[in-house]
A.B. asks: 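Structure below; questions to follow.
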2 protein chains.
Amino acid sequence: MGSTLGRRLPVMADVAKEAGVSHQTVSRVLNDHPNVRSETRTRVLEAIDKLGYRRNLVARALVTKHSRTLGVVSFDTTLYGPASTVYGIEQAARAAGYFVSIVSLKSIDRAGVRDALDYLADQGVDGIVVVAPQRSAAEALADLPLGVPTVAVEGGEAGEVSVVCVDQVAGGRLATEHLLSLGHETVWHVRGPSDWLEAEGRVAGWRAALEEAGREAPRPLAGDWSPRSGYEAGRSLASMRNVTAVFVANDQMALGVLRAFTEQGVRVPEQVSVVGFDDIPESEFFSPPLTTIRQDFDAVGRHSIEVLVRQLEGGPQERERLVVPPTFVARVSTTRV
Amino acid sequence: MGSTLGRRLPVMADVAKEAGVSHQTVSRVLNDHPNVRSETRTRVLEAIDKLGYRRNLVARALVTKHSRTLGVVSFDTTLYGPASTVYGIEQAARAAGYFVSIVSLKSIDRAGVRDALDYLADQGVDGIVVVAPQRSAAEALADLPLGVPTVAVEGGEAGEVSVVCVDQVAGGRLATEHLLSLGHETVWHVRGPSDWLEAEGRVAGWRAALEEAGREAPRPLAGDWSPRSGYEAGRSLASMRNVTAVFVANDQMALGVLRAFTEQGVRVPEQVSVVGFDDIPESEFFSPPLTTIRQDFDAVGRHSIEVLVRQLEGGPQERERLVVPPTFVARVSTTRV
DNA sequence: TCGGATGTTGTTAGCGTTAACAATCAAGTG
DNA sequence: CACTTGATTGTTAACGCTAACAACATCCGA
């Protein structure tokens, strides 16, 4: 039991004196150096235990130049996607023996991302994961010569750095092809904000699937990921005669669409089929339960750390590009016409 | 433009040489020491700019004993509540000039919390915020002599440390009193897991409101916050004859309850009124839109940092207890009988 | 028995910064 | 004009750790 008096915390030298060895021997024990007599080792460990010694990682970082801390830059970790990704990153990082320092951006501008990166670099992180789903954030990675290994999540083509992402285009296709296979003439789309790469990818997949089937692509409706924007898009759609299938770019907006349809007396799936994107925990319990495209955020987080740690510990590597496939989840919001 | 060659990063001494001063003068400029001639200051700043110098915060932390980093321990930051709280904490911390290092716990046991705290203390954080909504986490704070100022969020009575929390009891009362005021004979309750302090508080508020009104409190139904557990509780409730009002301990479970009711042909609010808790962004678009109790997570995060920073910068203080009131949000899932 | 390889420990010198103190110089005071 | 005062700068010594090298004992084969 360490005394709680004003006494200063024990340092390596204190342990050394207690064990009757040099401080360097203590350091060797702590770092599992092979050449320490086992009898000496136990003596040192006992002294550590007795004094309640804890190694000062700051001093260690100063000399080793490694902090075993990774930085994470993300945007609005209140949203399910970013939150889940960051959670996956954090778990994977800890499993790999790293700490995680997080910066959640409020605004999305390039300068903000740059600041965050500088911020982390200053702090001495060994590597950085940037969850950069917006075009502007991805661009900020371009002017990034800061000597710290970096991985982008959802970072588009981002030139210099490795990228881990979900195949959004494939997801858009999955959703659209499913709806077409049910016999729908065409598929409407409520898209995400235009500066989000994910939104673009989903639009592209939707459009490609329609084209391949020889169908006309209607004009997509704009949304901003929020349930409210989905609600507004839903009201527009409900007022049109010929809408029988809608692919909504995320589950939250899909909820809004469902709500608008309910209010307008449009029945799902009897009159209109709806597909979402993300598979948030709630969507299974929407009315009706939502067919959607699942993103494995956990895998994305895990992979991003794998790639980063590989770069950290394996020296300079080829930059990688890792794509996680989305999966289709069938529920009752879609049925054969 | 700093060269990208293998050249080592510039240090204070390099700046000093470039500006023709001592490294200590550079340090003074960086720390806004008053006694530096303005002409010298500009010369130093120019040198810093020219060399692209960035101060090494690790070395600084070693000598000052302050890292300007705060630790945050939380449980499952995938959930809306914790995610929002942590987000609020992070924003407030950054505004106060602190970095944030986060540990998201997967399991809730006491040992896990202890480990996380040690982890952060080792890393040299100046202070710690523990988002400790479970009894076990709160208890882990008891054996916490680690010399680092700590604030608990939702930490119950937690003996030694300051606490910031939402008044859960008041929230439970608000929900229950609202339902009673609509004319319901009694109010059923779907509660959260028993080791969560928040769940207990809501139960207590619900029970108190019923007692004051002289009503019998039915046996609460158990849930685990998930929509699925709400769904199951909802099926039970739907099979009973005499249920006209339900207070559900969070919005996600309320979604499950609504789903179960819809499936069983129980109409909300015509036959049964439902109140949730949290006011997640989705609940306004449930079918029907959910009456709920809003928690200001942002304020909780902000206050916790305020309290912590006060302790950090003002020296040892009285431990504080700050309670944030919840607010009532009326929507269509409740109506007069 | 000796030279060299190997195992084990200690000594010394940083890492890049701030703190404490010393030194210098100009300005004001009696 | 000598003498204190305050502003400005430099010098030196930590902070607590690891790396590099030196020192010594031990063991092996020739």
Side-chain angles (χ1 to χ4, degrees), chain A residues 2 7-48 51-69 99 121-126 147, chain B residues 2 7-48 51-69 99 121-126 147:
Chain A
R7 194 119 28 100
R8 78 184 193 341
L9 291 163
V11 299
M12 209 172 252
D14 300 322
V15 176
K17 193 196 276 181
E18 176 73 27
V21 297
S22 75
H23 66 125
Q24 178 63 339
T25 298
V26 178
S27 173
R28 289 197 182 98
V29 169
L30 253 28
N31 293 319
D32 290 317
H33 190 99
N35 292 345
V36 178
R37 204 149 42 102
S38 78
E39 195 254 334
T40 313
R41 184 185 306 277
T42 39
R43 203 142 37 88
V44 169
L45 290 174
E46 278 165 16
I48 287 174
L51 300 180
Y53 169 76
R54 320 220 76 207
R55 157 159 66 178
N56 181 327
L57 295 183
V58 174
R60 178 185 162 92
L62 178 59
V63 50
T64 61
K65 314 275 193 192
H66 297 299
S67 59
R68 294 208 74 80
T69 297
F99 300 88
D122 275 5
Q123 208 195 16
V125 297
D126 293 347
Chain B
R7 194 115 32 96
R8 80 188 193 337
L9 290 162
V11 298
M12 211 172 249
D14 300 322
V15 176
K17 192 196 277 182
E18 174 74 27
V21 296
S22 75
H23 70 270
Q24 179 62 345
T25 297
V26 178
S27 173
R28 289 196 182 97
V29 170
L30 253 28
N31 293 318
D32 290 317
H33 190 99
N35 291 347
V36 178
R37 204 149 42 102
S38 77
E39 195 254 333
T40 314
R41 183 185 307 276
T42 39
R43 202 142 38 88
V44 169
L45 290 175
E46 277 165 16
I48 286 174
L51 299 180
Y53 167 77
R54 322 220 75 208
R55 157 157 67 179
N56 182 328
L57 295 183
V58 173
R60 179 184 162 93
L62 177 60
V63 50
T64 60
K65 314 273 193 193
H66 297 300
S67 59
R68 294 207 73 80
T69 298
F99 301 88
D122 275 5
Q123 208 195 16
V125 297
D126 293 346

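What you see is a predicted model, and the numbers here were worked out from it, not measured in a lab. Note on naming: letters A, B, ... go to the chains in the order of the sequence lines (proteins, then strands), and numbering restarts at 1 for each one.
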A.B. asks: Specify the residue among B/R54 and A/P34 whose closest nucleotide of DNA chain C lies further upstream toward the 5′ end.
C.D. replies: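 With B/R54 and A/P34 compared, the 5'-side residue is A/P34.
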
A.B. asks: Write down the distance between CG (B/D14) and P (C/dC15), rounded to a whole number of angstrom.
C.D. replies: 11 Å

A.B. asks: Name the closest nucleotide to the B/A59 side chain, picking from C/dG16, D/dG10, C/dT11.
C.D. replies: C/dG16

A.B. asks: For C/dT18, does OP1 or OP2 lie under 4.0 Å from any side-chain N or O of B/R60?
C.D. replies: yes

A.B. asks: Closer than 4.0 Å, any side-chain N/O of A/S27 to the OP1 or OP2 of D/dT18?
C.D. replies: yes

A.B. asks: Hey, what do you get for CZ (B/R54) to CG (B/L30), rounding to the nearest 0.5 Å?
C.D. replies: 10.5 Å

A.B. asks: For residues A/V15 and A/M12, determine if any side-chain heavy atom of one lies less than 4.5 Å from a side-chain heavy atom of the other.
C.D. replies: no

A.B. asks: Let me know the distance between CZ of B/R41 and C1' of D/dA7, rounded to the nearest Å.
C.D. replies: 13 Å

A.B. asks: On DNA chain D, nearest-nucleotide positions of B/R43 versus B/K65: which is more 5'?
C.D. replies: B/R43

A.B. asks: State the CG-OG1 distance between B/D126 and B/T64, to the nearest 0.5 angstrom.
C.D. replies: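 Output value for this atom pair is 8.0 Å.
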
A.B. asks: Please classify the nucleic acid contact of A/V36 as base, sugar-phosphate, or nothing, using heavy-atom distances under 4.0 Å.
C.D. replies: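 Answer is sugar-phosphate: A/V36 comes under 4.0 Å of backbone atoms only.
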
A.B. asks: Hey, is the side chain of B/R55 poking within less than 4.0 Å of OP1 or OP2 on C/dT17, counting only N and O atoms?
C.D. replies: no

A.B. asks: Checking all strands, does B/V58 fall into the base, sugar-phosphate, or nothing category for heavy-atom contacts under 4.0 angstrom?
C.D. replies: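 Nothing: the residue B/V58, judged by heavy atoms under 4.0 Å, touches no strand.
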
A.B. asks: Going from CZ on A/R41 to CD on A/E46, what distance comes out if it is rounded to the nearest 0.5 angstrom?
C.D. replies: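 Taking CZ in A/R41 and CD in A/E46, the distance rounds to 13.0 Å.
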
A.B. asks: Nearest 0.5 Å, what's the CG-CD distance between B/D14 and B/E18?
C.D. replies: 9.0 Å

A.B. asks: Round to a whole Å and report the spacing from CE of A/M12 to P of C/dG10.
C.D. replies: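 Atom CE in A/M12 sits about 14 Å away from atom P in C/dG10.
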
A.B. asks: By nearest atom, which of the nucleotides C/dG16, D/dA13, D/dT18 is closest to the A/N31 side chain?
C.D. replies: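 Nearest listed nucleotide: D/dT18.
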
A.B. asks: What integer distance in Å separates A/H33:NE2 from D/dA20:P?
C.D. replies: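 The distance from NE2 of A/H33 to P of D/dA20 comes to 12 Å, rounded to the nearest Å.
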
A.B. asks: Please determine, for the side chain of A/Y53, which listed nucleotide (D/dG16, D/dC17, C/dG10) has the closest atom?
C.D. replies: D/dC17

A.B. asks: B/H66 NE2 to C/dT17 P: how many Å, rounded?
C.D. replies: 18 Å

A.B. asks: I want to check one thing: is the phosphate of D/dC15, taken as OP1 and OP2, less than 4.0 Å away from some side-chain N or O of B/T64?
C.D. replies: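 No.
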
A.B. asks: Between D/dC17, C/dT8, C/dT9, which nucleotide has the shortest distance from any of its atoms to the side chain of A/N35?
C.D. replies: C/dT8

A.B. asks: So does A/T25 get a side-chain nitrogen or oxygen closer than 4.0 Å to the phosphate oxygens (OP1/OP2) of C/dG10?
C.D. replies: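 It does, given that an N or O in the side chain of A/T25 lies less than 4.0 Å from OP1 or OP2 of C/dG10.
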
A.B. asks: Using whole Å, report how far CZ of A/R28 lies from P of C/dT9.
C.D. replies: 8 Å

A.B. asks: Are B/Q123 and A/T69 close enough that a side-chain donor and a side-chain acceptor fall under 3.5 Å?
C.D. replies: yes

A.B. asks: Nearest whole angstrom, please: distance from the P of D/dG16 to the CD of A/Q24.
C.D. replies: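 Nearest whole value for this atom pair: 17 Å.
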
A.B. asks: Rounded to the Å, how far apart are B/N56 CG and D/dC17 C1'?
C.D. replies: 14 Å

